[in-house]
Amino acid sequence: MAEKAYLKSDLSFLGVPLPAMRQLVNTIPRRPPALDRDALLQLVRTLWGRSVFELRMVAVLLLEAFEPLLRPADISLLERLIRESKTWAFVDELAIAVTGPLAERSAGLVDVLDRWSVDDDFWIRRAALLALLPQLRRGAGDFERFGRYADRMLDEREFFIRKAIGWVLRETGKKQPERVYAWLLPRCDRASGVTVREAVKYLSPRQRNALLSAYGAAARPRQASGRALR
C-alpha cells in the first residue's frame, strides 16, 4: 500500500483517507457529557493500543479536537505516544496541535519541553521544536527558547531535525523576518541546506540572498574538504 511505503511504517493500513477520519471525529459534540476527559483518555489509549494506522490517527485527531479537556498531567501520555509514533504523521500532529496548545496554557510544561529538547530520541527532540510553533507562527511565543533548542541541534545530521528547525524558522519569518535573519546569519556555517532553504522562504529578497550567500560561502570549504578525503 502506498501509505505504508511512504510512511515507512510497520503498522497495518486500512486505506481510510485523512478527511474521512477528521469528519468522523467532527461528529462528536465538543462539550461533555458527550466525551469528558476520562472517556477521552480511555478511548485514546484503546485506539492507540491497536497496531492500525487509522485507529492511531483517530486517537491523535481526538486529542487535537478535545485538547481543551487535557491537563498538565496528561503530558506524560503525550510523551509516550510521541515515543511510540515513529513517524512524522503522528509526531507532528501531537506536537503542534496538542502539546503546543497545552503547553501554552500550562506554563510549567516548558520544563518538560526543555527536557525533550535534549532527549536521545530525535522524534522527542523534533516535538520540542514543533510544540513552540503555534505561538511563533502568530508572531508571539518564546523565540529565545526555540533558539536555544535549535542551536543545540543545528549540527545534527538527522533530516527530521534539520527540517523541523527550518520549518519553525520559515513560519516565524512570516511575522518576524528580522528576528529569523539575525538568528540564522551567524549560524549559516553550521546550518544544513534543508534548514536554510526552508528558513528563507518568506524573508525579503535582501535577507534571502544574504543568507543563501553566507550558506554557500560556508558550504564550499566543506565540499572541498569532502573531495579531498575521497
Side-chain angles (χ1 to χ4, degrees), residues 82 87-89 91-104 107 109-229:
I82 292 169
T87 174
W88 59 266
V91 170
D92 294 2
E93 198 80 16
L94 288 166
I96 299 170
V98 186
T99 303
L102 178 60
E104 184 174 353
L109 292 184
V110 294
D111 292 338
V112 174
L113 297 184
D114 288 348
R115 175 172 58 80
W116 286 10
S117 73
V118 293
D119 197 274
D120 290 340
D121 186 337
F122 75 82
W123 290 116
I124 293 288
R125 297 198 301 278
R126 179 177 169 96
L129 293 165
L130 296 183
L132 301 174
L133 178 55
Q135 292 186 73
L136 293 171
R137 180 181 273 156
R138 300 197 306 267
D142 191 345
F143 185 82
E144 290 184 2
R145 174 168 266 103
F146 163 76
R148 291 196 299 274
Y149 294 177
D151 193 54
R152 286 196 298 265
M153 301 183 212
L154 204 56
D155 299 306
E156 293 192 29
R157 300 187 63 81
E158 172 55 55
F159 170 81
F160 286 104
I161 293 296
R162 293 177 166 186
K163 187 76 170 181
I165 295 171
W167 182 3
V168 177
L169 289 172
R170 180 191 74 200
E171 295 301 303
T172 303
K174 292 178 180 179
K175 299 280 189 179
Q176 303 181 79
E178 288 292 343
R179 198 163 203 180
V180 170
Y181 175 75
W183 185 88
L184 186 55
L185 184 61
R187 295 172 173 84
C188 280
D189 60 330
R190 296 170 52 214
S192 71
V194 68
T195 296
V196 174
R197 287 190 294 273
E198 283 293 314
V200 302
K201 284 185 178 178
Y202 294 101
L203 303 185
S204 69
R206 175 190 64 81
Q207 293 167 333
R208 186 183 310 120
N209 291 336
L211 289 172
L212 291 174
S213 295
Y215 170 75
R220 283 192 289 273
R222 293 198 296 263
Q223 294 168 351
S225 175
R227 287 193 295 269
L229 291 174

Q: Kindly write out the residues that satisfy side chain to side chain contact (heavy atoms under 4.5 Å, CB included) with Ala214, not counting sequence neighbours, or none if the list is empty.
A: Leu185, Cys188

Q: In the structure I gave you, are the side-chain heavy atoms of Leu129 and Ser117 within less than 4.5 Å of one another anywhere?
A: no

Q: CG/Asp155 to OG/Ser192 distance, rounded to the nearest 0.5 angstrom?
A: 10.0 Å

Q: If the condition is salt bridge (Lys or Arg N to Asp or Glu O under 4.0 Å), which residues does Glu178 pass it with, not counting sequence neighbours?
A: Arg206

Q: Taking salt bridge (Lys or Arg N to Asp or Glu O under 4.0 Å) as the test, write out the residues that go with Arg208, two or more places apart.
A: none

Q: What closest approach, in Å, do Arg125 and Ile161 show between heavy atoms, and which atom pair accounts for it?
A: CB-CD1, 3.9 Å

Q: Please answer whether the main-chain N or O of Gly193 pairs with a side-chain N or O of Tyr215 as donor and acceptor at a distance below 3.5 Å.
A: yes

Q: List in chain and number order the residues that pass side chain to side chain donor-acceptor pair (under 3.5 Å) with Lys201, two or more places apart in sequence or in another chain; answer none if no residue qualifies.
A: Glu198

Q: Step by step, would you call Leu132 with Val168 a side-chain contact (heavy atoms from CB on, under 4.5 Å)?
A: CA-CA 8 Å; Leu132 301 174; Val168 177; 5.7 Å; no

Q: Restricting to pairs with a member in residues 128-139, which pass salt bridge (charged side-chain N to carboxylate O under 4.0 Å, His left out), not counting sequence neighbours?
A: Glu104-Arg138, Arg137-Glu171

Q: Report the residues that fulfil side chain to side chain contact (heavy atoms under 4.5 Å, CB included) with Phe160, sequence neighbours left out, ordered by chain and then residue number.
A: Trp88, Phe122, Trp123, Arg126, Glu158

Q: Quick one: side chains of residues 139-150, donor-acceptor pairs under 3.5 Å with protein atoms, not counting sequence neighbours, listed by atom name and distance.
A:
{"unit_1": "Asp142", "atom_1": "OD1", "unit_2": "Glu144", "atom_2": "N", "d": "3.4"}
{"unit_1": "Asp142", "atom_1": "OD1", "unit_2": "Arg145", "atom_2": "N", "d": "3.0"}
{"unit_1": "Asp142", "atom_1": "OD2", "unit_2": "Arg145", "atom_2": "NH1", "d": "2.7"}
{"unit_1": "Arg145", "atom_1": "NE", "unit_2": "Asp114", "atom_2": "OD1", "d": "2.9"}
{"unit_1": "Arg145", "atom_1": "NE", "unit_2": "Tyr149", "atom_2": "OH", "d": "3.4"}
{"unit_1": "Arg145", "atom_1": "NH2", "unit_2": "Asp114", "atom_2": "OD2", "d": "3.4"}
{"unit_1": "Tyr149", "atom_1": "OH", "unit_2": "Leu113", "atom_2": "O", "d": "3.4"}
{"unit_1": "Tyr149", "atom_1": "OH", "unit_2": "Asp114", "atom_2": "N", "d": "3.1"}
{"unit_1": "Tyr149", "atom_1": "OH", "unit_2": "Asp114", "atom_2": "OD1", "d": "2.5"}

Q: Residues two or more places apart in sequence or in another chain: which of them pass side chain to side chain donor-acceptor pair (under 3.5 Å) with Arg197?
A: none

Q: Closest heavy-atom contact between Leu94 and Val98?
A: O-CB, 3.3 Å

Q: Between atom OG1 of Thr195 and atom CH2 of Trp167, what is the distance when rounded to the nearest 0.5 Å?
A: 13.5 Å

Q: So which heavy atom on Pro101 is nearest to which on Ile96, and how close?
A: CD-O, 3.2 Å

Q: Check side chain to side chain donor-acceptor pair (under 3.5 Å) between Glu93 and all other residues, then give those that pass, not counting sequence neighbours.
A: Arg22

Q: Locate the shortest heavy-atom distance separating Ile82 from Val91; write the atom from each residue and the value.
A: O-CG2, 4.0 Å

Q: Is it the case that atom NZ in Lys174 sees more than 12 heavy atoms from other parts of the structure closer than 6.0 Å?
A: yes

Q: Compare every heavy atom of Thr99 with every heavy atom of Ala131, then report the nearest pair and how far apart it is.
A: CB-CG2, 4.0 Å

Q: Can you see which heavy atom on Asp119 is nearest to which on Ile124, and at what distance?
A: CB-CG2, 3.6 Å

Q: Output all residues satisfying side chain to side chain contact (heavy atoms under 4.5 Å, CB included) with Asp151, sequence neighbours left out; order by chain, then residue number.
A: Trp183, Arg187, Arg190

Q: Who pairs with Arg162 by side chain to side chain donor-acceptor pair (under 3.5 Å), at least two apart in sequence or on another chain?
A: none

